[in-house]
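What's counted below: heavy atoms across the whole structure, side chains too, no hydrogens, waters or symmetry copies. Remember, it's 1-based here, ligands and their atoms both numbered in the order they're listed. Heads up: numbering here begins at 1 and tracks the sequence. In this text, all values refer to a predicted model and were calculated from it rather than measured experimentally.
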Amino acid sequence: MSDKLYVFDTTLRDGEQVPGCQLNTIEKIQVAKQLEQLGVDIIEAGFPISSPGDFNSVVEISKAVTWPTICALTRAVQKDIDVAADSLKYAKRKRIHTGIGTSDLHIKYKFNSNREEIIERAVAAVKYAKKYVEDVEFYAEDAGRTENEYLARVVEAVIKAGATVVNIPDTTGYCLPEEYGAKIKYLKEHVDGIDNAIISTHCHNDLGMATANTLMGVLNGARQVEVTINGIGERAGNTSLEEITMILKSHKNIPIETTINTTKIMSVSRMVSGLMNMPVQPNKAIVGRNAFAHSSGIHQDGVLKNVQTYEIIDPKEIGLDDNSIVLTARSGRAALKYRLHVNGVDTTDEKLDKIYQKFLKLADQKKEITDDDILMLAGADIADTHSVKLDFLQVTTGFGVKSVASIGLDISGQKFEETSSGNGPIDAAIKALKKIIRKQMTLKEFTIQAISKGSDDVGKVHMQVEYDGNVYFGFGASTDIVTASVEAYIDCINKFRVR
Ligand code: KIV
Ligand code: ZN
């Protein structure tokens, strides 16, 4: 008999902490519903005390999903716990996730405290959370760098206080896999009452070891994994859900199972990447564009003779469908609606109409419209509510000539035009834009990426613009990369206007 491994998804909490990846409540609900379809056991929906937006998202997600437990994060502070409990009032199954730093570094520098006092605060927080909910998870922040003996004392105390799950985060992604596995084993062997709680892993990827560490945790007794879609998360990210799930599915000799419906992995991955404007690296395990692409002749030959020669996973197992319909200018609304649905986006008829108009324009410029393209179009309607809009853009450029751009902007209904030259078409266009928007703005980061392939592909642009001491993130997409760049810059400007 296999043991059940609980999958705790923190895409909407730890994943969403990535600068520039913030989602609004409606988008979070969309992701949460997909996570429910995927079969995750617990959804960490936010850190309610951190902002009214986070609070509201936890409330709305609690109403929108049925099966997964909804979890809210807190510090070991009564006010945080009060607010978290309030945000969970509509959840059918609820959990409060409270905790405190336990490494000597955290105790000394973050809390100016000592080990005994930290245990007292941990116990008090768990007992306080227990007044509101039965299911209380405790996290020992920076457990990866916490001495095992002391960590065992903390874990024992919080289990006695009623913690149902004990989370052992490698907050800084520092541990080696053997070391992390040994930590979990130590707790299993040295904590009185350890079987009264589930041990959870929570690994960060700073040294590229998050998945390996999580697996070692599981092999040594952890029965919950904290993961995110596409491995997104602070800095180098968290353990990715798809990697840990597919490792366990592929290695059938490991008697541990999740209830993840792996055929939904690809659509959730695309949806999260699209909504968060966070491209998936092409060589990313499981969900990267190249994860199943065999380009060397020897591999192609082997795969044609027997796919198992070079493929350990059938792409269909993660929902990669070779026969997926490619849409063209002749595809109707129904086909578009169906592809959006397959990719996890269910829209109203009114929104579908808007997306369809954009789809027709794109289909005019590009022969085949892929799933990535339509997800980009589905996310692009935020631009409709912008007060600064691109009216027109004309660029002359080429080899041996100076680039010149003319730009027209519509600012709350008023039209403005300017022209500028530059060292290239994008430089010229942005200089012209800056002649209209006369603010002290600095472009801090700028990336252009093709969505799929072909010279008629859509270019996605991500930008960071600094203004008035803050950095703003913007996104643009078009078959014309100069237009995409200007749109990304305008996206940033619209964001600093609303603050
Ligand atoms: O990485 C970490 O330690 C965390 C905790 C707040 C659980 O995200
Ligand atoms: Zn974390």
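- H97 is linked by a ring-ring contact (aromatic ring centres under 6.0 Å, His included) to F8, Y139, counting only residues two or more places apart in sequence or in another chain.
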Going through the distances and angles, do I118 and H106 end up as a side chain to side chain contact (heavy atoms under 4.5 Å, CB included)? CA-CA 10 Å; I118 290 295; H106 278 229; over 6 Å; no

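- Checking H202, H97, H204, E141 against atom 4 (C) of ligand 1, the nearest heavy atom belongs to H202.
- Listed by chain and residue number, F496 satisfy the ring-ring contact (aromatic ring centres under 6.0 Å, His included) test with Y467 (two or more places apart in sequence, or in another chain).
- Within the 4.0 Å heavy-atom criterion, the part of R13 lying near ligand 1 is the side chain and not the backbone.
- Each ring pair (Phe, Tyr, Trp, His ring centres under 6.0 Å) pair with one or both residues in residues 221-256, not counting sequence neighbours, would appear here, but there are none.
- Taking the ring axis of Y6 as reference, the NZ or CZ atom of K4 stays within 45° of it and closer than 6.0 Å to the ring centre.
- Here the shortest heavy-atom pairing between I426 and I481 reads CD1-O, 4.4 Å.
- Residue-ligand proximity, T171 to ligand 1, at heavy-atom distances under 4.0 Å covers atoms 1 (O), 2 (C), 3 (O).
- Here the protein contributes D14 OD2, H202 NE2, H204 NE2 as N, O or S atoms under 2.8 Å from the Zn ion (ligand 2).
- The pair E36-K33 fails the salt-bridge criterion, with no side-chain N (NZ, NE, NH1 or NH2) lying under 4.0 Å from an Asp/Glu carboxylate O.
- Taking both residues in full, the closest heavy atoms of S87 and A72 are given as OG-CB, 4.2 Å, listed atom of the first, atom of the second, then distance.
- Contacts with ligand 1 closer than 4.0 Å are made by side-chain heavy atoms of N167 only, the backbone lying farther away.
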